[in-house]
Amino acid sequence: MAYKFIDLFAGIGGFRQGFEALGFECVFSSEIDPHAKEMYSQNFGELPYGDIREVDETLIPNHDILLAGFPCQPFSIAGDKKGFDDTRGTLFFDIVRILKAKQPQVVVLENVKHFKNHDGGKTIKVILATLHELGYTTNWDVLNAKDFGVPQNRERTIIVGSRRGVPFNFKKLTKKSPVAIKDILEEEGDFEYLDESEYTLIEHPKKQPSGLIFCGYRNKNIRINGTRENTKHLSRVHKQPNRIYDANGTHPTIASQESAGRYFIYHNQRVRKLTLKECFRLMGFKDDFKLMGSKSNLYNRIGNSVVVPMMEMIAKEVKCQLLDNAVSHYVPISLFDYLYVSHKANY
Ligand SMILES: C[S@@+](CC[C@H](N)C(=O)[O-])C[C@H]1O[C@@H](n2cnc3c(N)ncnc32)[C@H](O)[C@@H]1O
């Protein structure tokens, strides 16, 4: 029998694709954005429920795994409790009430790289303490998409919790050898090339430790008041949408705010914009994934998504470590409280 999962803050189903690839079955989804819901429905044949705050947790089907890439909001911490009570009024509270009611074996949460620093570190502290209060042993790490077969430098915080008290070993996730932007490019298409007068290439670009090769910038007219003599170009360079990256390296993070899709690459001695299809490939989506709606909506959707092959690898290890072969390490909750430690992948 397939393990069942629920897909919260589902977006366009990046998490779902990764877990379905390992044979998991989705029994419930929720997403508030109408465009994301429509895309989800067209691709998975299921219209997600809307606002999670309005969903009665007792009506959600039983499941083994709760998945959520939730928006991060500050908690108003009353006193020193740093747990369940502090999460009221946030979207994490909705995850908590579902965990409380349905008690799935596993919870997997995804968030931005700097999640651990959000609100001075209070957010992650409250979240780990709350999961612990609910009986979950938690482990977390920051993973990079470029280690999972896509040429994008995209770091994300992943928290995995197990009700059986089994620690999740992030070191067991199989990493792949790096691929370059040029490996995922479309061979032909109606590409938006820049004229040579529209950009400047820098001499001797170097590959950065992240795999990025920053090789030039667009000559955009931008505000230059107040800039020092001979430094005007720097203000152009520092604007991410003006930067040009060599297709022999890795691409920077596809961002949800970049609704104009200003991602420029240098390939075959020319500079062009990435196509939408290439942006979806950078997130590990297959070409048969249906795209619909305006371009700006599609750029927002893909920038908000998760990288499918990374989720697939997490699904594989969740299945192996926490479900199929899990020997219960469960100890009574009070002893847990006493021993409470949440590990950042320290094997
Ligand atoms: C970071 S994105 C997650 C994207 C998803 N993991 C994917 O693969 O596409 C967060 C999502 O939560 C949704 N969201 C925000 N508030 C919500 C709410 N109250 N109920 C349901 N979904 C919500 C947003 O519309 C957004 O799509």
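Note: hydrogens, waters and symmetry copies are ignored here, and every other heavy atom, side chains too, is used. Start at 1 and go down the list; that is how both ligands and their atoms are numbered.
Salt bridge annotation for K319-D324: present, with a cationic side-chain nitrogen under 4.0 angstrom from a carboxylate oxygen. Using a 4.0 Å cut-off between a side-chain N of Lys or Arg and a carboxylate O of Asp or Glu, D246 and K207 do not qualify as a salt bridge. One finds no salt bridge joining K172 and E317 here, because no Lys/Arg side-chain nitrogen approaches an Asp/Glu carboxylate oxygen to under 4.0 Å. Ion pairing between a basic and an acidic side chain is recognised when a charged N comes within 4.0 Å of a carboxylate O; D288 and K286 show no such pairing.
Remark: R163 qualifies as a cation-pi partner of Y136 under the 6.0 Å distance and 45° angle criteria applied to the six-membered ring.
The side chain of R53, and not its backbone, has at least one atom closer than 4.0 Å to an atom of ligand 1 (non-hydrogen atoms only; side chain from C-beta on).
The protein non-hydrogen atom at the shortest distance from atom 7 (C) of ligand 1 is A10 O, 3.4 Å. When only non-hydrogen protein atoms are considered, atom 6 (N) of ligand 1 lies nearest to F9 O, 3.7 Å. Regarding atom 24 (C) of ligand 1, its nearest protein heavy-atom neighbour is E31 OE2, 3.4 Å. Among all non-hydrogen protein atoms, the one lying nearest atom 9 (O) of ligand 1 is I12 N, 3.0 Å. Here the heavy atom of the protein found nearest to atom 20 (N) of ligand 1 is I52 N, 3.0 Å. Residue, atom and distance of the protein heavy atom nearest to atom 22 (N) of ligand 1 are I32 N, 3.2 Å.
In terms of polar-atom proximity, N304 is not counted as a contact of ligand 1, lacking any N or O under 3.5 Å from an N or O of the ligand. Below 3.5 Å of separation, one finds no N or O of A36 facing any N or O of ligand 1. Polar contact with ligand 1: absent for P71 (N/O pair, distance under 3.5 Å). Between G69 and ligand 1, a contact under 3.5 Å exists for no N or O pair. Between D51 and ligand 1, a contact under 3.5 Å exists for at least one N or O pair. No N or O atom of L91 sits closer than 3.5 Å to an N or O atom of ligand 1.
For R154 (side chain) and H251 (main-chain N/O), no donor-acceptor pair under 3.5 Å exists by modelled atom type.
Within ligand 1, the atoms closer than 4.0 Å to a non-hydrogen atom of G14 are 7 (C), 8 (O), numbered from 1 in the order shown. If you number the atoms of ligand 1 from 1 as listed, the ones under 4.0 Å from a heavy atom of S30 come out as 21 (C).
Not close to ligand 1: P48, with no non-hydrogen atom less than 4.0 angstrom away.
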So R301 and D33, salt bridge (charged side-chain N to carboxylate O under 4.0 Å, His left out) or not? Walk me through it.
-> CA-CA 10 Å; R301 291 291 84 67; D33 182 272; 3.3 Å; yes

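Below 30°, between 30° and 60°, or above 60°: for F5 and F19 the angle between ring planes is between 30° and 60°, a tilted geometry. Using cut-offs of 30° and 60° for the angle between ring planes, the F191 and Y193 rings count as perpendicular.
Using modelled atom types, one finds a donor on one side chain and an acceptor on the other under 3.5 Å when comparing T200 with N219.
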